[in-house]
Each structure stands twice: as structure tokens, then as C-alpha cells.
Amino acid sequence: MVKTALITGGGRGIGRAIAVAFAREGIRVAVAARTAEQVEQVAHEIGNGAIALVCDVADPESVTRMFTELREQLGDADILVNNAGIAESATLVSTTDELWHRHLAINLSGTFYCTRAALPAMLKKGWGRVINIASIAGKTGAPYIAAYSASKHGVLGLTRSVALEVATTGITVNAICPGYVETDMVSRGIEQITTKTGRTAEEALDSLKKMSPQNRLVTVEEVAAVALLLASDEGRGINGQGINIDGGTVL
Ligand code: NAP
């Protein structure tokens with residue numbers, strides 16, 4: 001039977017790559033984000049009945065509307081990929097209330113709202129996959145990213161608890177924890193490093209690569225490959241995990 005996947009943050013970067021990889025395996029995909037043009041472009045490129053949904057995952061009403069539209073157009077989600085996320089850096093002292101709440105609202109509450117909306121149909125079917133794109137910043141700390149790191153630690157706590165709650169129901173809940181991945185998010189990070197430190201973009205990129213023992217950034221396709229495994233029937237024994245894709249940065 002053809003499975004349906006909802007991928008939040010599917011307009012670019014990691015979410016886009018997961019949508020492309022899923023569609024290639026015959027999974028019907030819905031990509032969601034705030035920027036309509038980006039998700040429409042991705043759905044158009046994928047074809048095969050892929051749809052675009054506009055949603056702000058930080059807004060529970062917007063999430064409810066997204067699931068209603070998904071149900072009307074493709075049916076319920078068998079696979080939910082909670083990938084929508086933001087990352088902004090600041091020292092703890094210069095972290096404003098807005099920056100702090102924005103990270104928790106999008107990265108953590110967004111994952112909660114979408115998972116809560118997706119689970120009832122999965123429980124009814126007795127099959128489901130929830131894949132949360134967390135980060136190695138959800139397992140370890142680093143300077144200047146307290147809000148981001150706290151939100152991703154929260155995603156791992158949510159992942160582990162829900163995984164145990166549904167363990168006997170045919171549903172698995174896991175997180176993927178990448179190191180630095182080649183996306184716009186990292187390009188924006190490099191811009192910020194160059195502005196704040198006066199280093200060149202090349203030097204900033206090198207400093208991020210050096211965080212990995214493999215001295216390189218992860219590609220979006222590497223993240224998509226692990227998402228595919230977690231989405232598969234063969235991946236059904238993997239539950240409650242946070243799988244690092246970081247070249248061995250966090251052991
Ligand atoms: P990206 O290129 O900036 O893409 C982020 C996606 O999330 C976009 O489609 C964005 O679209 C969407 N998004 C952001 N806020 C949203 C909201 N409130 N509601 C709905 N969609 C929203 O970032 P990426 O690098 O692909 O990151 C994807 C995920 O991987 C994030 O959770 C990130 O924390 C995680 N991650 C990334 C890295 C990395 O190095 N790149 C490493 C570890 C983990 P709109 O702005 O149009 O809404």
C-alpha cells in the first residue's frame with residue numbers, strides 16, 4: 001500500500017531532500033512550510049501527486065488546518081517528519097525573550113503539535129513513523145546556541161517519551177541528530193561568523209568542518225537516507241533513538 005508522508009520544513013534543505021528521497025521510493029509526500037513559493041516549487045519538482053501545504057508549526061491552529069488539508073487531499077499521514085526548525089546564535093546574556101521563545105515555539109512546540117495531530121490516525125491504523133530532525137546540539141552543549149540547544153534537547157526528551165508510550169502499537173518515534181549539514185541554515189551561520197569575527201567565509205566554513213572528525217559537512221542526502229531507513233518496515237525495531245550523523249563528533 002502506498003504510504004503518505006508529511007514533511008514539515010520541506011521547502012528547502014534537509015526537508016526537501018527527505019521529500020525527494022521518499023517520493024523516489026514511491027511514498028506520496030506533502031511538504032509544509034511558511035513560504036508558499038518554496039513548498040509549491042518542491043511539490044511541483046517532485047510531481048507524482050506531491051502537495052504543498054502552508055503552515056507555521058509554532059501556531060497550533062495553523063497545524064490543525066494543515067492536518068485537515070492533508071486529510072482532504074492525500075488522507076492521513078503514515079509518516080510524519082518533524083523537520084521545520086530555526087537556528088540563531090547569541091550569547092546567553094544577549095538572548096532576548098523573543099529569540100528564546102521563537103526557538104522553543106518552532107523547534108520544540110511545533111514538533112509536539114504535529115506529533116499530537118498525527119498520532120490518532122497512526123494508532124487507528126496500527127502503523128506509523130514519527131521522525132524528528134533534532135541535532136547533535138540536542139545531545140551536547142555549545143557556546144552561543146543555548147536556545148537552539150535547549151529546544152533540541154527538548155525534542156529528544158519528547159521523542160524518547162512518545163516512543164515508549166506507543167511502543168506496542170506499530171508506531172516508532174525516533175530522532176535524527178545531524179552535525180553541520182550543507183544547507184541555507186549553515187550558510188546563514190557562516191555569514192554571522194564572518195560579521196561577528198571578521199573571519200573570511202572560507203575560514204568560517206573550515207571552522208565548522210573541523211567540528212567533525214571527518215573534517216567535512218554532512219550532505220542532505222545522508223540525512224535523507226537515514227530517514228528512509230526509519231520510515232521503512234525494516235526499521236521497525238529502531239525506536240526512541242537519536243541517531244547521530246556527524247562523522248563521530250559526539251560519541
Ligand atoms: P533550512 O534550510 O533553513 O530549512 C528550514 C525549513 O524549515 C524551511 O523549509 C523553513 O521554511 C521551515 N520552517 C522554519 N520555521 C518554520 C515554521 N515556523 N513553520 C513551518 N516551517 C518552518 O534548514 P535545514 O538546515 O534544512 O534544517 C532543517 C532541520 O534540520 C531543522 O530542524 C534544523 O534544526 C535541523 N538541523 C540542521 C542542521 C544543519 O547544519 N543545517 C544540523 C542539525 C540539525 P519557512 O522559513 O518558509 O517556514
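Atoms within a ligand are numbered from 1 in the order they appear, just like the ligands themselves. Any value given below was found using the heavy atoms of this structure, including those in side chains, with hydrogens, waters and symmetry copies removed.
- The closest approach between Pro178 and ligand 1 falls below 4.0 Å for a heavy atom of the residue.
- Ligand 1 has no nitrogen or oxygen under 3.5 angstrom from a nitrogen or oxygen of Tyr180.
- A donor-acceptor contact shorter than 3.5 Å is absent between the side chain of His44 and the backbone of Glu40.
- Closest of all the heavy-atom pairs between Thr183 and Gly13 is CG2-CA, 3.9 Å.
- With sequence neighbours left out, the salt bridge (charged side-chain N to carboxylate O under 4.0 Å, His left out) criterion links Arg129 to no other residue.
- Ranking the protein heavy atoms by distance from atom 12 (C) of ligand 1 puts Gly9 CA, 3.5 Å first.
- No side-chain donor-acceptor contact under 3.5 Å links Thr194 and Arg199.
- At least one N/O-N/O distance between Asp56 and ligand 1 falls below 3.5 Å.
- Salt bridge status for Arg71 with Asp76: present, with a side-chain N to carboxylate O gap under 4.0 Å.
- Using a 4.0 Å cut-off between heavy atoms, Thr183 contacts ligand 1 through its side chain alone, with no backbone atom that close.
- Minimum heavy-atom separation, Ile131 to Ala227: CD1-O, 3.5 Å.
- Using a 4.0 angstrom heavy-atom cutoff, Cys55 counts as in contact with ligand 1.
- With a 4.5 Å cut-off between side-chain heavy atoms of Ile, Leu, Val, Met, Phe, Trp and Tyr, the cluster of Tyr144 takes in none.
- Residue contacts with ligand 1: Arg188 is included, with a non-hydrogen atom under 4.0 Å away.
- Annotation for Ala52 and Ala43: closest pair N-CB, 3.9 Å, computed over non-hydrogen atoms.
- At under 3.5 Å, a nitrogen or oxygen of Val181, whether backbone or side chain, sits near a nitrogen or oxygen of ligand 1.
- For the ligand labelled ligand 1, residue Ala137 lies outside the 4.0 Å heavy-atom shell.
- Residue Val57 has at least one N or O atom closer than 3.5 Å to an N or O atom of ligand 1.
- By the 4.0 Å heavy-atom criterion, Ile106 is counted among the residues contacting ligand 1.
- By the 4.0 Å heavy-atom criterion, Cys177 is excluded from the residues contacting ligand 1.
- Residue contact check: Ile14 has heavy atoms under 4.0 Å from atoms 26 (O), 30 (O), 37 (C) of ligand 1.
- Contact annotation: for Glu182 versus ligand 1, there are no heavy atoms closer than 4.0 Å.
- Contact annotation: the side chain of Gln192 approaches that of Ser89 to within less than 4.5 Å [non-hydrogen atoms, C-beta and beyond].
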